[in-house]
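Structure record follows, encoded as structure tokens.
Computed over heavy atoms, backbone and side chain alike; hydrogens, waters and symmetry mates excluded. None of the values given here were measured: they were computed from a predicted structure.
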Amino acid sequence: MLSGDIPPNQTIYLKNLNEKIKKEELKRSLYALFSQYGRILDVVALKTPRLRGQAWIAFSEVPAASNAVRQMQNFPFYDKPIRIQYAKTKSDCIAKADGSFVPRDKKKKQEEKAERKRRPDDAPPSAAANGTRAENGATPAPFRQGNTSAQEAAAPNNILFIENLPHETTSMMLELLFQQYPGFREVRIIEAKPGIAFVEFEDDVQSSMAMQALQGFKITPQNPMAITFAKKSSRNFTKTLSNESGKPIGCKEEMKECYVVMKRLKKDIENRDPNPNMTNPFDIFTDEIVYAILDHLHGDPFSKRSFSSVCKSFYFIESRHRRALKPLRSDLLPRTFRRYSSISHLDLSLCSLVDDNNLAAVSVAWKSTLRSINLSRSRAFSSIGLLTLVSNCSGLVEIDLSNGTELTDSAAKAIAEARNLEILRLSRCKSITDIGIGCIAITEKCLSHILQLQHLEDLILEGCHGIDDNGLSTLNHTCKSIKMINMSNCQSLSYIGLSSLTNGANSLEQLILANGPSVTSDLAKCLSQFSSLRSIKLDGCLVTCSGINSIANWSASLVELSFSKCSGLTDECLCFLAERHKELRKLDITCCRKITIASIEGITKSCTSLTSLRMESCSLVSKEAFVLIGQHCQMLEDLDVTDNEMDDEGLKAISRCSRLQSLKLGICLNMTDEGLIHVGRGCSKLKELDLYRCAGVTDRGIEAIGHGCPALEMINIAYNSKITDTSLISLSKCSSLKVLEIRGCPHISSVGLSSIAMECRQLSELDIKKCFNINDNAMHPLGKFSQNLQQINLSYCSVTDAGLLSVTRINRLRNMTILHLSGLTPNGLAAALLTCGGLTKVKLHSSFKPLLPQYIYKYMESRGCVFHWRNKAFQEEIDPKGWQLHLGRPS
């Protein structure tokens, strides 16, 4: 019986529940999940063989039950979608309340069940299928007249066929009608045949609900909709509709274009040599040609999913084509082994729990193909799992073990077995062992093993405080193949140890010594022998004039220099360095507060080929310097002038840099919309724009950016009080937008954010903190369209339990901050946490800590989620520290 045949009542029936969950925990979870819709009288869940995976929930009112059926259909609950319909009989608790309860023994129930089975055979046939009423003169049949046999012939399925539509009906109109029902997927209007359309749902139960609710709905007074189930042949929905419209349904635009081309090609071939057996135009191509088509879909995972869903041959082609894999959870790995046989790049950074068994399984499944693996956010594995991995996967050339706090010297020794390794990342590998060294599990003992790798090219030892000059002096040689060494935050290292480490590394191209030894003439001289050196980063180091002058005299032709937060850097040193290394491409002088416009004059005069210049908080540089940058450095692709005297004239000059992709203008208080209009006109390749606390920016400037920079991927307009929904509607034209920061913009509402959600499907990070006018109306479009969203900050917004549930249905969501949401209840929070199985980090107010059931914490922590509790008081001001910026920079 379809749910459409059962009248709405106070009790709902749930099936497809996870049978492994204990009975009491299941009842508690269901109560927490459904109590948001109304008062619950009873939850019934049994573990008998016949009733496993099922439950009944009795509400005090019918509207509450109806809302639960509509909103929670296919809700992911303990990794399985819930199937919901109204219960066929009245619950005992409700019958007792209204006085109609009659005790029934087991035998009587069995007799009633048998009677219900016999009843359809004895009853007269119904006048219409699918619960429609017979024509009795008073109520006309809502289906299309004169064609009842067509409805009877179409079995219930997930696709509805709509007729009698006005010719001016658009897909948007139908989408607004049908998307209110659970399971809605898409609408397709047949352009060649106006007046008809197809609507697809996830299953036949959901399509039946929509059909029953909208049957006979009048879009105009003369056009009541006639809804029936679509006829489905053995082919899928896409192919069925493509026969009528010439276009595929359910695919991305890229696949639509490919399909149209293939249809034309098939027609041409059939005209030359008719072949009735050819049903798939792709059959005439080799796999390599189809792979080339797939290569164009690499930026959109939904297009690849659409491709593999078209037919079985596409499914297998996509499986063979895939080389990179980034699973959401480690428990999903076994499903990928059979489907994807040629994975070479495996990224497990989203899988917080990866044990030795997982690594062993990976090493067997992709023994001959795996080339790189990322374990930078994973834990629970040991040196045993690493040894198994590197022993079986002899082709490994890259391993990322950053943040491996439990790794010890034995893990480093295991890595040494990867003889073909070229890139090794060991940043922040903290451990506490008696053979380790304080905060890092890399010592000179295991370093000697690592340096024996013949093909090692990148060595990252960031934060290895235990590596000192004495230990490095025992090394006889280093890898001749090594090209990059990162010794950042190695504070026990001087030029003596560095000389030992780099001895024999004639191929060295990049050296990173951030927050390390002082830059003296001795350090510069020990590196002067490396003629291949192209990049050196000395961020946070104490620099001396003698050291900078020695670097300027190197024979190596440097292309990248980084002096971020180097307090000893002066105009004289920087100008001399720029004059001697005119081939410089990248320069970072962030927070070098002693330099003035003199340095900028020297840089722009000598280094006209600069592609990246970062000079945040260079407070002594005057506004005329930025005009010089725009006039002489027009090859720039990356420019950071945050917290400087940039004005509209400077931006006008900068707009000449047509290759600019990243522009950071945060806290530039002298610029206005006029400057941004120049940027929008001249920098069409812009991908990243930071306008943090730019008080002079309004909707007019943002509109120019949205119109002139269609490739924009990141924008920060936080704490700009003049920004409204108009800006977000303009930015919605940038379909590649991935990062949006609009915190502290009080005039932005759900209208603007909904536009972003519907048009910018690649959105991955969203910060709407203190956007008080954003409520649940924006969360529903986010949950539906923003399936790439990974990080969101909802603090201080007007979002309630229902809105949060919509967002947490996004499978890719990893990081969520929800502080001071007045509409959030403990039950709603518990339901949201149970919904989103991929969360790895959640920030909550500490007041919720005692209110959530303990089983919630256990369940989330078992999935690798970490809770961060904050006890910050509620702040009524939008920008409590902003006054300092408007009165001048603080001293």
Quiz item: Say you draw a straight line from CD1 of Ile717 to CG of Asp767; how long is it, rounded to the nearest 0.5 Å?
Solution: 11.0 Å
Exercise. Quick one: sort the Phe34 and Tyr37 rings into parallel, tilted or perpendicular, breaks at 30° and 60°.
Key: tilted
Practice problem: State the CG-CG distance between Leu663 and Leu676, to the nearest 0.5 angstrom. | Solution: 8.5 Å
Self-check item: Shortest non-hydrogen contact between Ser378 and Leu348, atoms and distance
Solution: OG-O, 2.9 Å
Quiz item: What are the two closest heavy atoms between Cys797 and Ile768, and how far apart are they?
Solution: SG-O, 3.0 Å
Practice problem: Step by step, work out the side-chain contact (heavy atoms from CB on, under 4.5 Å) result for Thr840 and Val866. | Solution: CA-CA 6 Å; Thr840 58; Val866 178; over 6 Å; no
Quiz item: Just checking, Arg188 and Phe198: is the charged tip under 6.0 Å from the six-membered ring centre and within 45° of the axis?
Solution: no
Quiz prompt | pair Leu829-Ile818: side-chain heavy atoms closer than 4.5 Å | solution = yes
Self-check item: Ser376 backbone acceptor or donor facing Asp400 side chain under 3.5 Å
Solution: no
Self-check item: Minimal non-hydrogen separation, Tyr857 against Lys849, with atom names
Solution: OH-O, 2.6 Å
Exercise. State whether the side chain of Asp690 and the backbone N or O of Thr642 hold a donor-acceptor pair below 3.5 Å, judged by distance alone.
Key: no
Quiz prompt | Separation between CE of Met211 and CD1 of Ile227, rounded to the nearest 0.5 Å | solution = 7.5 Å
Practice problem: Taking Ser795 for its side chain and Leu819 for its backbone only, find out whether a donor-acceptor pair lies under 3.5 Å. | Solution: yes
Practice problem: Give the C-alpha distance, both sets of side-chain angles, the deciding distance and a yes or no for side-chain contact (heavy atoms from CB on, under 4.5 Å) between Asp673 and Val697. | Solution: CA-CA 5 Å; Asp673 291 335; Val697 175; 4.0 Å; yes
Quiz prompt | Ile705 side chain reached by Leu691 side chain, heavy atoms, under 4.5 Å | solution = no
Quiz item: Are Lys664 and Tyr692 side-chain neighbours, meaning at least one heavy-atom pair lies under 4.5 Å?
Solution: no
Quiz item: Above 12 or not: heavy atoms from other molecules or residues under 6.0 Å from NZ of Lys769?
Solution: yes
Self-check item: Student check: side-chain heavy atoms of Asp699 and Ser730 closer than 4.5 Å
Solution: no
Quiz item: Looking only at heavy atoms, which two atoms of Ile84 and Met72 are closest? And how far apart?
Solution: CD1-O, 3.4 Å
Quiz item: Among side-chain atoms of Asp347 and Ser349, is any donor-acceptor pair under 3.5 angstrom?
Solution: yes
Exercise. Decide side-chain contact (heavy atoms from CB on, under 4.5 Å) for Tyr855 and Ile21; before the verdict, give the C-alpha distance in whole Å, the side-chain angles of both, and the deciding distance to 0.1 Å.
Key: CA-CA 12 Å; Tyr855 73 88; Ile21 308 303; over 6 Å; no
Self-check item: Ser750 and its side chain to side chain donor-acceptor pair (under 3.5 Å) partner, picked from Asn777, Asn775, Asp725
Solution: Asn775
Quiz item: For His820, what residues pass the ring pair (Phe, Tyr, Trp, His ring centres under 6.0 Å) criterion, not counting sequence neighbours?
Solution: Tyr796, His845, Phe874
Quiz prompt | Flag, side chain of Ser798 to backbone of Phe772, donor-acceptor distance under 3.5 Å | solution = yes
Practice problem: Starting from the C-alpha separation in whole Å, work towards a yes-or-no answer on side-chain contact (heavy atoms from CB on, under 4.5 Å) for Leu689 and Cys709. | Solution: CA-CA 10 Å; Leu689 180 61; Cys709 307; over 6 Å; no
Exercise. Give a yes or no on whether the backbone of Ala230 and the side-chain of Asn157 come within a donor-acceptor separation of less than 3.5 Å.
Key: yes
Quiz item: Quick one: does Asn773's side chain have a donor or acceptor within less than 3.5 Å of a partner on Pro746's backbone?
Solution: yes
Exercise. Compare every heavy atom of Ser330 with every heavy atom of Cys351, then report the nearest pair and how far apart it is.
Key: SG-N, 3.5 Å
Practice problem: Quick one: pull up OH in Tyr340 and CG in Leu346 and give me the separation to the nearest 0.5 Å. | Solution: 12.5 Å
Quiz item: If we only count heavy atoms from C-beta on, is the Val199 to Phe184 side-chain gap below 4.5 Å?
Solution: yes
Quiz item: Is any side-chain heavy atom of Arg185 less than 4.5 Å from a side-chain heavy atom of Asn158?
Solution: yes
Quiz item: Is there a donor-acceptor contact under 3.5 Å linking the side chains of Ser764 and Asn788?
Solution: no
Quiz item: So how far is it from Asn374 CG to His345 NE2, rounded to the nearest 0.5 Å?
Solution: 12.0 Å
Exercise. Report yes if some heavy atom in the side chain of Leu804 is under 4.5 Å from a heavy atom in the side chain of Met816; otherwise report no.
Key: yes
Quiz item: Is there a donor-acceptor pair closer than 3.5 Å between any side-chain N or O of Arg814 and the backbone N or O of Gly838?
Solution: yes
Quiz item: Would you say the side chain of Cys771 lies within less than 4.5 Å of the side chain of Ile742, judging by non-hydrogen atoms?
Solution: yes
Quiz prompt | Pairs involving residues 701-720, ordered by first then second residue, that meet salt bridge (charged side-chain N to carboxylate O under 4.0 Å, His left out) (sequence neighbours left out) | solution = none
Quiz item: Can you check side chain to side chain donor-acceptor pair (under 3.5 Å) on Thr825 and Asn827, steps first, answer last?
Solution: CA-CA 5 Å; Thr825 66; Asn827 286 337; 5.5 Å; no
Quiz item: Shortest non-hydrogen contact from His780 to Ser806?
Solution: ND1-OG, 2.6 Å
Quiz item: Has Lys843 got more than 12 heavy atoms of other residues, nucleotides or ligands less than 6.0 Å from its NZ?
Solution: no
Self-check item: Atom pair CG/CG of Leu766 and Leu782 - distance to nearest 0.5 Å
Solution: 6.0 Å
